[in-house]
Number of protein chains: 2
Amino acid sequence: MAETARRTDNRYGNRPTMKDVAARAGVGLKTVSRVVNGEPGVTPDTERRVQEAIDALGFRRNDSARVLRKGRTASIGLVLEDLSDPFYGPLSRAVEEVARAHGALLINGSSAEDPDREQELVLALCARRVDGLVVIPAGDDHRYLEPEIKAGVATVFVDRPAGQIDADVVLSDNFGGARDGVAHLIAHGHRRIGFIGDMPRIHTAAERLRGYRTAMEAAGIPVEEAWTSLGVTDPQRVRRAAEAMLSGPSPVTAIFTGNNRVTVTVVRVLAEHSRPVALVGFDDIELADLLQPGVTVVAQDSAQLGRTAADRLFHRLDGTLALPERVELPTRLITRGSGELPPAS
Amino acid sequence: MAETARRTDNRYGNRPTMKDVAARAGVGLKTVSRVVNGEPGVTPDTERRVQEAIDALGFRRNDSARVLRKGRTASIGLVLEDLSDPFYGPLSRAVEEVARAHGALLINGSSAEDPDREQELVLALCARRVDGLVVIPAGDDHRYLEPEIKAGVATVFVDRPAGQIDADVVLSDNFGGARDGVAHLIAHGHRRIGFIGDMPRIHTAAERLRGYRTAMEAAGIPVEEAWTSLGVTDPQRVRRAAEAMLSGPSPVTAIFTGNNRVTVTVVRVLAEHSRPVALVGFDDIELADLLQPGVTVVAQDSAQLGRTAADRLFHRLDGTLALPERVELPTRLITRGSGELPPAS
DNA sequence: CCCGCATCTGACAACGTTGTCCAGGCCCTA
DNA sequence: TAGGGCCTGGACAACGTTGTCAGATGCGGG
């Protein structure tokens with residue numbers, strides 16, 4: 001009978017609460033709270049009794065209630081394009097490590113390059129009251145974030161700038177990297193150089209194209225319409241674009257690829273191609289050094305991007321930073337052979 | 001004066017609450033709740049007034065409070081080894097997609113192959129009251145999860161089984177895949193075959209080694225001590241292990257590598273090696289088809305692993321499933337050349 | 001022996017939301 | 001026109017935790 005009553009106390013499937021622990025230990029609610037949070041002012045004997053009750057009941061503090069009371073969630077959100085892209089994996093991991101160092105958890109979501117989905121995710125994270133947000137934007141209008149930022153959600157944009165609002169942003173030197181990569185091809189004698197990149201509405205794609213154009217212009221080479229192709233990065237489209245550039249009356253002798261996925265596909269196309277074609281790609285790719293020839297790339301450090309952004313975010317949470325800033329990280333040209341091929345006669 | 005008073009109502013840095021919205025719209029608290037949640041029983045006119053107040057104040061529902069009240073967080077946790085590993089990126093993404101389809105967010109954490117950190121992460125997620133957990137275990141004792149599971153946290157283990165508890169688990173056929181991969185090498189005339197794998201305490205590593213031994217035994221080949229090497233997968237150790245196998249009085253003529261990271265390093269070692277050495281690796285790797293020779297692999301579909309696990313998890317949350325089950329997904333041998341090299345004489 | 005103080009403990013309110021329940025107003029019918 | 005039913009809106013409690021504050025307990029000094 002007493003057994004039954006006791007069992008009914010902690011309803012099946014319901015977690016024990018501090019109240020249950022307090023009842024079992026024969027102490028007050030607040031004392032349990034003190035023990036759970038390691039606050040001082042509890043005699044060792046009381047603490048032991050409470051701890052025993054906690055272990056016996058399998059009590060675990062409910063962080064939702066805690067958050068509600070304290071206002072901080074100790075979690076940050078990361079919205080990126082696609083976690084399965086090898087560019088974003090290390091970035092996410094780097095953000096997680098910084099968060100961990102600050103005792104925070106990371107919630108991340110993939111926008112799949114869809115602005116609506118980005119907004120949906122960001123607002124869902126805000127509803128969870130994340131302390132901060134790291135966003136790799138898919139859209140180009142982030143005014144919807146203004147009330148959140150004003151309400152104290154620290155926000156840092158990475159890889160691409162925010163649209164229509166003033167916020168911290170951490171970028172790679174997309175323009176300079178692409179310019180130098182293309183200049184590298186020009187220095188090896190190429191003039192007919194193709195550019196295959198992501199959709200033009202994506203900031204990085206536009207910047208890299210600008211770098212390409214600038215390098216060409218600096219060398220006095222007029223860019224022909226047929227040499228540039230921007231669009232989705234799925235293999236089919238990229239393959240068609242590459243094949244188009246490589247055929248026709250005056251084919252390109254070199255290609256600059258706008259990101260890792262494009263590079264991978266173009267490497268495949270070139271492997272099937274009879275003439276050697278020079279290649280420089282934006283983003284490093286695994287095993288690039290073992291291909292024949294090795295793939296020359298403009299490498300950006302995605303982990304460093306993530307780390308820098310997360311550091312900024314936590315500085316902002318500490319109240320250290322004031323004005324939004326724009327940080328630009330350098331890229332690095334890694335020569336491995338493919339960019340040093342001379343133009344086929 | 002009135003202005004000042006109004007401003008003080010929503011203290012700076014504090015979010016507006018339903019109370020604030022209700023006051024501004026001149027309605028009751030519950031009416032706001034109804035509008036926010038799309039519940040019926042509100043006249044269009046009232047709804048409009050409430051919506052205007054929401055927009056004007058930039059109100060966003062506090063999900064912590066909601067969770068506290070409702071008991072469900074609509075979020076699941078994923079604990080894996082390292083998000084930056086190309087094997088786990090797609091897995092995480094797949095879990096996220098399933099979660100999204102069920103209206104849930106994904107919180108993930110990297111255990112860095114450290115059992116303590118795994119436990120710390122898992123318990124932190126439980127404190128947030130995630131509805132479910134997908135765990136790629138680093139440790140081999142998960143009894144600490146028992147109270148959580150009993151309390152209703154749906155839990156599915158992936159890639160490796162749980163230790164000391166009975167729980168759902170989704171695995172690849174590590175044993176069969178490795179056995180078939182090694183048999184493939186044997187079929188091409190190899191007898192002196194090396195195995196380089198991850199630390200023996202990791203289930204997948206042990207199973208793959210067992211597959212290797214079984215294949216060798218089936219062919220009547222006694223395995224020499226020097227042919228197997230298990231340990232951390234950092235390039236230095238793997239490189240030393242490979243070089244040791246390839247030198248000495250009777251070097252191996254083929255190597256079976258136990259996961260993607262080992263394969264990458266061994267490919268590098270073999271590229272510098274004079275004699276051709278056959279290679280079959282567990283896990284597919286990007287660009288493996290473009291190397292000379294292409295790398296033959298035993299591929300597992302990490303996205304499918306994640307999807308399967310997440311599906312199971314949500315089935316369990318729906319209360320559809322009863323007993324824990326063990327699901328094993330097949331692997332696929334992809335021949336590309338490196339596994340078909342004949343033994344060097 | 002009693003008072004005062006320090007130390008430890010517990011009652012209570014509050015965080016922002018949702019579920020329950022009731023009040024009031026409206027319309028329809030007899 | 002009165003009565004009944006239906007529909008909308010609001011007051012209130014509860015979720016589990018933490019901060020505040022006051023009460024209890026014990027000990028030492030006067």
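Numbered from 1 within each chain, the chains take letters A, B, ... in sequence-line order.
Here D:dG16 presents its P atom at 9 Å from CZ of B:Arg129, a figure rounded to the nearest Å. Atom CZ of A:Arg61 and atom P of D:dT17 are 9 Å apart (whole Å). In this structure, the CG atom of A:Leu57 is 14 Å from the P atom of D:dG16, given to the nearest Å. The nearest whole Å value for the distance from the CG atom in A:Asp20 to the C1' atom in D:dG16 is 10 Å. For B:Phe59 and C:dG16, the CZ to C1' distance is 8 Å, given to the nearest whole Å. Rounded to whole angstrom, the span from the CD atom of B:Glu39 across to the P atom of C:dT20 amounts to 11 Å. Taking atom CZ of B:Arg66 as the reference point, atom C1' of D:dA14 lies 16 Å away to the nearest angstrom. One interatomic measurement links the two molecules: CZ of A:Arg72 to P of C:dC15, which rounds to 18 Å at whole-angstrom precision.
Here the nucleotide nearest the side chain of B:Thr17, chosen from C:dT17, C:dC15, D:dT17, is C:dT17.
Identified under the salt bridge (charged side-chain N to carboxylate O under 4.0 Å, His left out) test for residues 130-142 of chain B, with sequence neighbours left out: B:Asp141-B:Arg143. For residues 49-62 of chain A, the pairs satisfying salt bridge (charged side-chain N to carboxylate O under 4.0 Å, His left out) are A:Asp45-A:Arg49, A:Arg48-A:Glu52, A:Arg60-B:Glu148, A:Arg61-A:Asp63, with sequence neighbours left out. Residue pairs meeting the salt bridge (charged side-chain N to carboxylate O under 4.0 Å, His left out) criterion with at least one partner in residues 307-324 of chain A, sequence neighbours excluded, are A:Asp168-A:Arg312, A:Asp168-A:Arg316, A:Arg312-A:Glu325.
Looking at heavy-atom distances under 4.0 Å, A:Asp63 makes no contact with the nucleic acid at all.
In this view, B:Tyr88 satisfies the ring pair (Phe, Tyr, Trp, His ring centres under 6.0 Å) rule with no residue, not counting sequence neighbours. The side-chain contact (heavy atoms from CB on, under 4.5 Å) search around A:Pro90 returns A:Ser302, A:Ala303, B:Ser84, not counting sequence neighbours. A search for ring pair (Phe, Tyr, Trp, His ring centres under 6.0 Å) contacts involving B:His315 returns nothing, not counting sequence neighbours. Residues that satisfy the ring pair (Phe, Tyr, Trp, His ring centres under 6.0 Å) test with A:Phe314, not counting sequence neighbours, are A:His102.
Listed pair B:Lys70 / C:dG19 meets the phosphate criterion, a side-chain N or O lying under 4.0 Å from OP1 or OP2.
No donor-acceptor pair closer than 3.5 Å links the side chain of B:Ser110 to the backbone N or O of B:Leu80.
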Got a list of protein N/O to nucleotides 22-27 of chain C N/O distances below 3.5 Å?
none

Is there any protein nitrogen or oxygen under 3.5 Å from a nitrogen or oxygen in nucleotides 6-10 of chain D, and what are the pairs?
{"from": "D:dG9", "atom 1": "OP1", "to": "B:Thr43", "atom 2": "OG1", "distance (Å)": "2.8"}
{"from": "D:dG9", "atom 1": "OP1", "to": "B:Thr46", "atom 2": "OG1", "distance (Å)": "2.3"}
{"from": "D:dG9", "atom 1": "OP2", "to": "B:Gly41", "atom 2": "O", "distance (Å)": "3.3"}
{"from": "D:dG9", "atom 1": "OP2", "to": "B:Thr43", "atom 2": "N", "distance (Å)": "3.3"}
{"from": "D:dG9", "atom 1": "N7", "to": "B:Arg34", "atom 2": "NH2", "distance (Å)": "3.1"}
{"from": "D:dG10", "atom 1": "OP1", "to": "B:Gly28", "atom 2": "N", "distance (Å)": "3.3"}
{"from": "D:dG10", "atom 1": "OP2", "to": "B:Gly28", "atom 2": "N", "distance (Å)": "2.3"}
{"from": "D:dG10", "atom 1": "OP2", "to": "B:Thr31", "atom 2": "OG1", "distance (Å)": "2.8"}
{"from": "D:dG10", "atom 1": "N7", "to": "B:Arg34", "atom 2": "NH2", "distance (Å)": "2.9"}
{"from": "D:dG10", "atom 1": "O6", "to": "B:Arg34", "atom 2": "NH2", "distance (Å)": "3.3"}

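With contacts defined as side-chain heavy-atom distances shorter than 4.5 Å, the pair A:Thr46/A:Val35 does not qualify.
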